[in-house]
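Here's a structure for you.
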Amino acid sequence: MSSAPVHFHALLWIDHSEAKVFHFNADASEQERIKSSHPHQHLHHKANSRAGGHAPIDKAFFENTAKALAAVGALLVTGPGSAKTEFVNWLKSHHPAIAGRISAVETLDHPSDGALLALARKFFKADDRMHV
């Protein structure tokens, strides 16, 4: 098990198959990947179905992701689809202290890890100035 990150800021990129957590400051970063226990679940919408074709929440995946975020001071949540919103809503009810540290939720497709880290540093450079 790794030691707790020493970085105040974090970026979470999440979809239904994995979460990437970047703990960082201006000079250094640490990355952690968390995999879903059922990442290849494909859903098909059926006519007149009440289910709506939504995947059930992978509670273990969300819990493991929350553990990776437990020590963050400020968090930017990103991702391409609905998983980021589902995670934020789940976090509000299961880990409200972590949810309270979310600075923003933004839609991003599948940028490289380097692009994610650059975006996060730029975001928090501007965001931190707003809170001074």
Side-chain angles (χ1 to χ4, degrees):
M1 184 171 208
S2 62
S3 62
V6 295
H7 306 298
F8 181 81
H9 296 106
L11 174 132
L12 167 65
W13 182 95
I14 187 168
D15 67 10
H16 286 106
S17 63
E18 76 173 332
K20 298 178 190 179
V21 178
F22 297 84
H23 298 276
F24 64 94
N25 60 26
D27 305 314
S29 67
E30 300 171 35
Q31 181 183 355
E32 185 174 350
R33 288 179 187 250
I34 299 112
K35 297 285 188 182
S36 171
S37 59
H38 40 81
H40 301 295
Q41 183 174 26
H42 294 284
L43 299 171
H44 300 281
H45 296 278
K46 293 182 180 177
N48 302 319
S49 170
R50 291 183 183 258
H54 293 288
I57 290 175
D58 183 345
K59 294 175 186 170
F61 174 51
F62 280 6
E63 190 63 45
N64 290 334
T65 302
K67 285 179 187 175
L69 300 168
V72 304
L75 176 62
L76 173 59
V77 179
T78 67
S82 63
K84 66 186 172 302
T85 306
E86 292 166 10
F87 178 72
V88 167
N89 290 334
W90 179 89
L91 205 59
K92 287 176 182 176
S93 63
H94 291 83
H95 296 280
I98 298 170
R101 295 184 221 132
I102 296 172
S103 296
V105 179
E106 296 189 7
T107 300
L108 288 176
D109 195 21
H110 292 82
S112 69
D113 291 351
L116 281 169
L117 193 54
L119 173 107
R121 285 185 170 131
K122 182 178 179 182
F123 172 85
F124 280 114
K125 186 174 182 181
D127 187 64
D128 287 347
R129 275 192 239 133
M130 297 294 295
H131 298 289
V132 174

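Since the model is a prediction, treat every value here as computed from it, not as a measurement. For reference, positions follow the sequence shown, starting with 1.
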Pair E32-H23, side-chain donor/acceptor within less than 3.5 Å: no
Reported CG-to-CG distance for the pair N64 and L69, which is rounded to 0.5 angstrom: 11.0 Å
Heavy-atom side-chain contact between R101 and F8 under 4.5 Å: no
Closest approach of A104 to F123 (non-hydrogen atoms, all atoms of both residues): CB-CZ, 3.6 Å
Check: E18 and W13 side chains under 4.5 Å, non-hydrogen atoms: yes
Spatial distance of atom CD (E63) from atom OG1 (T65) [nearest 0.5 Å]: 9.0 Å
Pairwise side-chain contact, H95 with W90, heavy-atom cut-off 4.5 Å (strictly under): yes
Least distance between heavy atoms, F124 atom then A10 atom: CE1-O, 3.6 Å
L11 and E106, any side-chain heavy atoms less than 4.5 Å apart: no
Heavy-atom pair with the smallest gap, counting every atom of N25 and R121: O-NE, 2.7 Å
Exercise: identify the closest heavy-atom pair between L108 and L116: CD1-CD2, 3.8 Å
T78 side chain to L12 backbone, donor-acceptor under 3.5 Å: yes
NE2 on H7 to CZ on F24, rounded to 0.5 Å: 9.5 Å
Side chain to side chain donor-acceptor pair (under 3.5 Å) between E86 and H16, worked out: CA-CA 10 Å; E86 292 166 10; H16 286 106; 2.9 Å; yes
Approximate separation, where rounding is to 0.5 Å, of K67 NZ and I98 CD1: 11.0 Å
D58 to S36 - nearest heavy-atom pair and separation: OD2-OG, 2.7 Å
Heavy-atom closest pair, residues L119 and L76: CD2-CD2, 4.2 Å
Sub-4.5 Å side-chain heavy-atom contact between H110 and P80: yes
Mutual orientation of the aromatic rings belonging to F87 and F62 [parallel < 30°, tilted 30-60°, perpendicular > 60°]: perpendicular
Euclidean distance, L75 CG relative to L91 CG, rounded to 0.5 Å: 8.0 Å
Flag side-chain contact, heavy atom, 4.5 Å: V72 against V21: no
I14 CD1 to F61 CZ distance, which is reported to the nearest 0.5 Å: 4.0 Å
